[in-house]
Amino acid sequence: MRPFARYAFVASAVLALLPGLPAYAQGGPGGGGGGGGQSDDDAKKAKRDAEWGTDAKQLDLPQLRNAGPCPYVKVLYDAARYVEVKGGDLSSKNVGFTGEIENLASACEYKSDQPIQVQAQLLFELGRGPQAEGASHVYRYWVAVTDRNRAVLDKEYFDLPVTFLSGQDRVQKTENVFGITIPRADVHVSGANFEVLVGFDVTKQMADMNASGERFLANAGQTQTAAVASGASAGAPSDK
């Protein structure tokens, strides 16, 4: 269990009152919602299950009723993947440790003028490429609370140590983050005024690669390389 150590902030009393609709746990990649056809999602899930040789782990958080909507919890796209590249050639043979936030579930609880309590569960898929040094690696990820105008109100970092067994080039890990507390100025401030974002602590090179849509499989360069995504040139790292 990972506690969100600090109280985030006191929400401003000038934030608009939003309708008090029932809110439930969010689930699915990126925290639920968003575009993309169901058939595309099913195809990606089937491909991932085949590659990993096991059914993807299902995330499960309790469904809660609240005085209003929950903050939207999602993975920041530019920080959703972690790929070490050794040397200037962006190819699978130069890949070290890799990671991807594959799934996310969240729930919140609050009533009256009480603080908003948010909990999140993250599914990480982590890989060890041909240039990875050693069998262990400490990944770092963060959880941030923002207002609806995208200003970061608080941010907390967490370490995720992983050890790959002999002959193992990929690992799945589930992390629970509890204690994300968002104090409210009064009863008129709802959860819809806030977002909770999660992501890897990435370098600028990693963020640029994520933003461009180029990526490797979690075990890039070991047993197989990433497929060429639409619009990417042959031989270039790309989306699944």
Side-chain angles (χ1 to χ4, degrees), residues 1-4 8 23-38 40-49 51-52 54-64 66 69-83 98-110 116-127 139-148 150 152-160 162 170-182 191-192 194-202 206-207 210-211 213 215 217-218 239-240:
M1 178 188 304
R2 302 283 186 167
F4 198 78
Y24 302 94
Q26 300 174 29
Q38 184 64 42
D40 291 341
D41 293 341
D42 292 343
K44 288 181 179 179
K45 179 182 183 301
K47 182 177 179 181
R48 182 182 69 240
D49 293 346
E51 290 164 350
W52 284 72
T54 182
D55 290 338
K57 189 180 297 183
Q58 296 299 310
L59 302 184
D60 184 29
L61 284 175
Q63 294 189 347
L64 306 170
N66 309 293
C70 285
Y72 193 67
V73 183
K74 62 184 180 181
V75 180
L76 184 67
Y77 185 79
D78 289 0
R81 301 170 194 88
Y82 177 100
V83 180
T98 67
E100 182 169 359
I101 303 175
E102 183 62 36
N103 207 342
L104 181 154
S106 66
C108 83
E109 185 174 24
Y110 66 99
I116 303 169
Q117 302 288 344
V118 182
Q119 55 185 290
Q121 190 174 74
L122 309 173
L123 175 61
F124 292 89
E125 293 186 349
L126 310 164
Y139 296 85
R140 204 169 194 223
Y141 68 95
W142 49 263
V143 179
V145 178
T146 74
D147 66 16
R148 60 185 177 184
R150 304 287 181 158
V152 176
L153 302 167
D154 199 10
K155 188 174 184 179
E156 193 80 22
Y157 288 87
F158 303 95
D159 288 336
L160 178 61
V162 175
R170 62 188 89 181
V171 171
Q172 284 188 337
K173 291 200 72 173
T174 299
E175 288 281 286
N176 293 308
V177 183
F178 296 154
I180 304 173
T181 302
I182 309 175
F194 313 104
E195 288 185 332
V196 178
L197 303 177
V198 300
F200 282 105
D201 186 20
V202 296
M206 294 177 186
N210 290 337
R215 60 174 173 167
L217 296 177
D239 202 346
K240 298 180 192 177

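Computed from a predicted model, the values in this text were never measured in an experiment.
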Test log, rule side-chain contact (heavy atoms from CB on, under 4.5 Å), inputs Trp142 and Leu76:
CA-CA 10 Å; Trp142 49 263; Leu76 184 67; 3.8 Å; yes
Side chains of [X] and [Y]: closer than 4.5 Å at any heavy-atom pair?
X      : Y      : value
Pro71  : Val118 : yes
Thr174 : Gln121 : yes
Tyr141 : Val75  : no
Leu126 : Leu160 : yes
Val196 : Tyr72  : no
Leu153 : Phe194 : yes

Hey, what's the ring geometry for Phe200 with Tyr82, parallel, tilted or perpendicular (30° and 60° as the breaks)?
tilted
When rounded to the nearest 0.5 angstrom, what is the spacing between [atom1] in [X] and [atom2] in [Y]?
X      : Y      : atom1 : atom2 : result
Gln117 : Thr181 : CD    : OG1   : 3.5 Å
Ile116 : Ile182 : CD1   : CD1   : 5.0 Å
Glu125 : Thr98  : CD    : OG1   : 9.5 Å
Arg140 : Phe158 : CZ    : CZ    : 10.0 Å
Glu175 : Leu122 : CD    : CG    : 7.5 Å

Taking side chain to side chain contact (heavy atoms under 4.5 Å, CB included) as the criterion, tell me which of Asp154, Leu197, Val177 meets it with Val143.
Val177
Look only at the side chain of Asn210 and the backbone of Arg81, and say whether a donor-acceptor pair between them is shorter than 3.5 Å.
yes
Stepwise side-chain contact (heavy atoms from CB on, under 4.5 Å) check, Tyr139 with Val162:
CA-CA 8 Å; Tyr139 296 85; Val162 175; 4.0 Å; yes
Determine the minimum heavy-atom distance between Ala211 and Tyr77, stating which atoms define it.
CA-CE2, 4.2 Å
For the residue pair Ile101 and Gly199, what are the closest heavy atoms and their distance?
CD1-CA, 3.8 Å
